[in-house]
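Below is one structure; the comments refer to it alone.
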Amino acid sequence: MKIDISKKLPRDFYLNDTLTVVRKLLGKIFVRKTDKTILAAKIVETEAYIGAVDESAHSFNGETKRNSVMFREGGRLYVYFTYGMYYCANVVTEKKGTGNAVLFRAMEPLEGADLFALNRFGKTELSEKEKINLLNGPAKICMAFGIDKEKNGVDLLGDEIFILDAPPVKKNEIAVSERIGISKSKELPWRFYIADSKFISRR
DNA sequence: ATCAAGATTACCT
DNA sequence: GGTAATCTTGATA
């Protein structure tokens, strides 16, 4: 797969309404470039977190040291540490000060399978089940891409981590549900995924 | 200063 | 389906 920088999503994409961005991100290509390697995957599952009304959003009680990136202008990566051992990655949305973001929950590997495999399982020969499990959870994505707190706040309009445009997923191919793994504001139907993808997280 | 909870995962029966 | 692992953060005192 060729990486065409001209297709990088522009700032305006991220400044749209969060519930628009959370759907439009489905099908887009998340990319991390390092010196010699390119990692790329198709986004197949996302969740919206909207600070003003969402008790489960990290930003709900206002800005803190941990969540400060959520309050910056849309288009940056918000990476947080949780459960003592995992990182999860979001993209910040909307204008500065709003405290909104979209969590990446699952992706389909496109480029860099060997490095994904090494980062996740310490080997390159994977079973079919392991191949499916490479990126099908928010912390798995960070493990596979090598994303940790060093990447918190990185601008997705830069050259290391960015998202490429791709044809939109048809509305009737997008499924909606309640979000996973939260205890507050559970009723909000803000999880979106490509209905027929094998690579979504479960539970 | 102390403490409980957590946007999870892997492994168990 | 159940739970241990593991530790930072934010809230409360």
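Note that the structure is a prediction, hence the values are computed from the model and not measured. Naming convention: chains lettered A, B, ... in sequence-line order (proteins, then strands); numbering from 1 in each chain.
- For the pair A:P138 and A:S183, both in contact range of DNA chain B, the more 5′-proximal nearest nucleotide belongs to A:S183.
- One atom, CE of A:M85, and another, C1' of B:dA5, lie 14 Å apart when rounded to the nearest Å.
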When the side chains of residues 140-147 of chain A are checked against the rest of the protein, which donor-acceptor pairs come out under 3.5 Å, sequence neighbours left out?
residue, atom, partner, partner atom, Å
A:K140, NZ, A:N136, OD1, 2.8

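- A donor-acceptor pair is defined here as one N or O able to donate and one able to accept, closer than 3.5 Å; no such pair exists between the side chain of A:N90 and the backbone of A:V92.
- When the side-chain hydrogen bond (donor to acceptor under 3.5 Å, both in side chains) test is applied to A:E160, the partners found at least two apart in sequence or on another chain are A:R32, A:K151.
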**Request:** Go ahead and write out DNA chain C as dot-bracket, 5' to 3': ( ) for pairs within the strand, [ ] for ones crossing earlier pairs, | when the partner sits on another strand, dots for unpaired; Watson-Crick or G-U wobble, both distances under 3.5 Å.
**Result:** |||||.||||||.
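- Atom CZ in A:R179 sits roughly 11 Å away from atom P in B:dT8 (whole-Å rounding).
- Scanning all heavy atoms of the two residues, the minimum distance from A:R11 to A:D155 falls at NH2-OD2, 2.8 Å.
- Between the C1' atom of C:dT8 and the OH atom of A:Y87 lies a distance of 10 Å, rounded to the nearest Å.
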**Request:** Apply side chain to side chain contact (heavy atoms under 4.5 Å, CB included) to A:V102 and A:Y49, showing your working.
**Result:** CA-CA 6 Å; A:V102 172; A:Y49 287 86; over 6 Å; no
Please list, pair by pair, any protein nitrogen or oxygen found under 3.5 Å from a nitrogen or oxygen in nucleotides 10-13 of chain B.
residue, atom, partner, partner atom, Å
B:dA10, OP1, A:R120, NH1, 2.7
B:dA10, OP1, A:R120, NH2, 3.4

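- Contacts between residues 54-69 of chain A and DNA chain C, counted as heavy-atom distances below 4.0 Å, involve A:N61, A:T64, A:R66.
- A heavy-atom distance below 4.0 Å to DNA chain B is reached by none of the residues of residues 16-27 of chain A.
- Within the 4.5 Å cutoff, no side-chain heavy atoms of A:T98 are placed close to those of A:T18.
- To the nearest 0.5 angstrom, A:T34 atom OG1 is 10.0 Å from A:I161 atom CD1.
- Applying the side chain to side chain contact (heavy atoms under 4.5 Å, CB included) test to A:T64 and every residue at least two apart in sequence or in another chain returns A:R66, A:N67.
- The main-chain N or O of A:N133 is found under 3.5 Å from a side-chain atom of A:R120 such that the two form a donor-acceptor pair.
- Without hydrogens or angle criteria, A:E108 side chain to A:V44 main chain gives no donor-acceptor distance under 3.5 Å.
- One atom, CD1 of A:I50, and another, C1' of B:dA7, lie 14 Å apart when rounded to the nearest Å.
- Between A:L103 and A:C88, the closest heavy-atom pair is CD1-CB, 4.0 Å.
- Of the residues in residues 76-84 of chain A, those with a non-hydrogen atom less than 4.0 angstrom from any atom of DNA chain B are A:Y80, A:Y83, A:G84.
- Applying the ring-ring contact (aromatic ring centres under 6.0 Å, His included) test to A:F60 and every residue at least two apart in sequence or in another chain returns nothing.
- Looking only at distances, a side-chain donor or acceptor of A:N100 sits under 3.5 Å from a matching main-chain atom of A:G51.
- A:I182 and A:S56 get closest at one heavy-atom pair: CD1-OG, 3.8 Å.
- At whole-Å resolution of the value, CG in A:L135 and P in B:dT8 are 16 Å apart.
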Under 3.5 Å, which protein N or O atoms sit close to an N or O of nucleotides 1-3 of chain C? Give each pair with its distance.
none

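- Spacing between atom CG of A:D148 and atom P of C:dT8 amounts to 14 Å, rounded to whole angstrom units.
- Annotation for A:R76 and A:V69: closest pair CB-CG1, 4.3 Å, computed over non-hydrogen atoms.
- For A:N16, the side chain to side chain contact (heavy atoms under 4.5 Å, CB included) partners at least two apart in sequence or on another chain are A:V21.
- Between the A:R72 side chain and the A:S68 main chain, no donor and acceptor come within less than 3.5 Å of each other.
- Per the geometry, NZ belonging to A:K184 stands 11 Å off C1' belonging to C:dG10, to the nearest Å.
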Let me have the donor-acceptor pairs involving side chains of residues 184-193 of chain A, under 3.5 Å, with sequence neighbours excluded, atom names and distances please.
residue, atom, partner, partner atom, Å
A:S185, OG, A:E55, N, 2.9
A:R191, NE, A:E45, OE2, 2.8
A:R191, NH1, A:S177, OG, 3.1
A:R191, NH2, A:E45, OE2, 3.1
A:R191, NH2, A:S201, O, 3.3

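- Rounded to a whole Å, the NZ atom of A:K186 is 10 Å from the P atom of B:dG6.
- Between A:D165 and A:K24, none of the side-chain N atoms (NZ, or NE/NH1/NH2) sits under 4.0 Å from a carboxylate O, so this pair counts as no salt bridge.
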